[in-house]
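Note sheet for the following structure.
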Number of protein chains: 2
Amino acid sequence: MRLLLISNSTMPGEPYLTYPLPAIAGFLGEKPKNILFFPFAAVTFSFDTYEAKVRERMESLGHRLISIHHFNDPGRAIMEADVLMVGGGNTWQLVRMFHDQSLFPLMRQAIERGIPYIGWSAGSNVACPTLRTTNDMPIIDPLGFDCMGLVPFQINPHYLDHNPEGHGGETREQRIEEFLAINPGIHVVGLREGTMLRLEGKTLSLIGERTLRIFRQGSLPMELTAADDLSFLLEAKD
Amino acid sequence: MRLLLISNSTMPGEPYLTYPLPAIAGFLGEKPKNILFFPFAAVTFSFDTYEAKVRERMESLGHRLISIHHFNDPGRAIMEADVLMVGGGNTWQLVRMFHDQSLFPLMRQAIERGIPYIGWSAGSNVACPTLRTTNDMPIIDPLGFDCMGLVPFQINPHYLDHNPEGHGGETREQRIEEFLAINPGIHVVGLREGTMLRLEGKTLSLIGERTLRIFRQGSLPMELTAADDLSFLLEAKD
């Protein structure tokens, strides 16, 4: 499998989808590709708007992009795409739309066949076994928490070390500890902003200057860098 | 109905359950009460630990407190309690435990009969129609998003105005706008830390020095104070 799982589309103050663009370019290669885009996580803006925004960035790399919402037969569109790309937004709405159209199994088949997958934020969440480490507000019942399970671990995108000053809620680390208390035996990867994971077959690596924080029940959290071997995260769990 | 719906148990730097204590004292009155406590939102610490912590605070006010987990017949315990109290923690775990034991209808009956209800954080979320405005990580499938629906609006506890500096995720307001896009016609109440709502029959009021931020699809957000009439929030929705 070939996966590029990105924490966040955009760093504060930068134009849209800027920092991950070199990594996307390297992942896709120079030959022009037909990217099938899934804008389902958009809630407060239209699928057309989302498509136009992302298409502009992909065209700057020499690739073509079209959104799934233009197709009458989404299953066939998935089978014929060169690349599958899922944008961020609200994870709950995203998973609901995938479930309503029963697309996860088709996506997974295509990706297992070798079609590259790129996701950011909610698009990284759905590459995991379930959506249980999303940060998003559960604005709609997704009709099931299961996702694609392309990797055996859970990603927490937009991983944050601290709460805003004066805030009395749980830190992100405390929330992940709660997840682990209920779900022992699964790794949670805190993917800080400005970073991403790239999977090529059995090789998993971190891209970005910040470290990855990895949590597992019964162990102290680990901080790993782009130079570290992450393959232990790919071992199947009980 | 008599409800006290509190944003957060504790302000940063203060001892546990300090700022809401005068409001809880006023709400409960001087006559000693038997409080039935629900510690179900605790995930990383025991129900006994949670009970002891909250009991100490309630005993300081002259009331008795016992946790539901000591009863073989929780339905009967609910029927016989003077006060129902639900503490914060993880909303998803809390709702799952209520659903597993089918306790929401019994709680609701008791509260409609006049038994006072006190909740904070996750305990305020479950007084709403659904858990769809929780901030918590969905660590477990709650087997249904529906809650008690004691009020017709949704509360977002720990309401925060800004993101931590340098964070590229959605602000709380953007998350609530996403909720409204999918769920028009329902009010969302952003309950800032250090504040609470008190319902006495048909009179709803804010307690605290900070304002309440109220959202509804198609309207600009409103900021209301402890001096404002909040009764419009109680009107049943379509």
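Chain letters run A, B, ... following the sequence lines, proteins first, then strands; residues in each count from 1. Predicted model, so just to flag it, every value in this text is computed and none were measured.
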Seminar exercise, completed: Turns out that what part of E14(B) lies under 4.5 Å from chain A's heavy atoms comes down to neither
For this session: Show your working on side chain to side chain contact (heavy atoms under 4.5 Å, CB included) between R132(A) and I139(B) and close with a plain yes or no.
Result: CA-CA 5 Å; R132(A) 285 179 294 173; I139(B) 61 173; 5.6 Å; no
Problem set entry | Which atoms of N135(B) approach chain A - backbone, side chain, both or neither, heavy atom under 4.5 Å | both
Problem set entry | Value rounded to 0.5 Å, distance of OG1 in T133(B) from CE in M137(A) | 6.0 Å
Seminar exercise, completed: So, the part of N183(A) with a heavy atom under 4.5 Å from chain B: the answer is side chain
Exercise. Can you tell me how far CG of D146(B) sits from CG of D141(A), rounded to the nearest 0.5 angstrom?
Worked result: 9.5 Å
Exercise. Heavy-atom distance under 4.5 Å to chain A: side chain of N156(B), backbone, both or neither?
Worked result: side chain
Exercise. CD of Q93(B) to CZ of F179(A): how many Å apart, nearest 0.5 Å?
Worked result: 12.5 Å
Exercise. Hey, what's the ring geometry for W92(A) with W92(B), parallel, tilted or perpendicular (30° and 60° as the breaks)?
Worked result: parallel
For this session: Check D136(A) against R175(B) and note the closest heavy-atom contact, atom names and distance.
Result: CA-NH1, 3.3 Å
Exercise. Do you know the tightest heavy-atom contact between L131(A) and P138(B)?
Worked result: O-CG, 3.7 Å
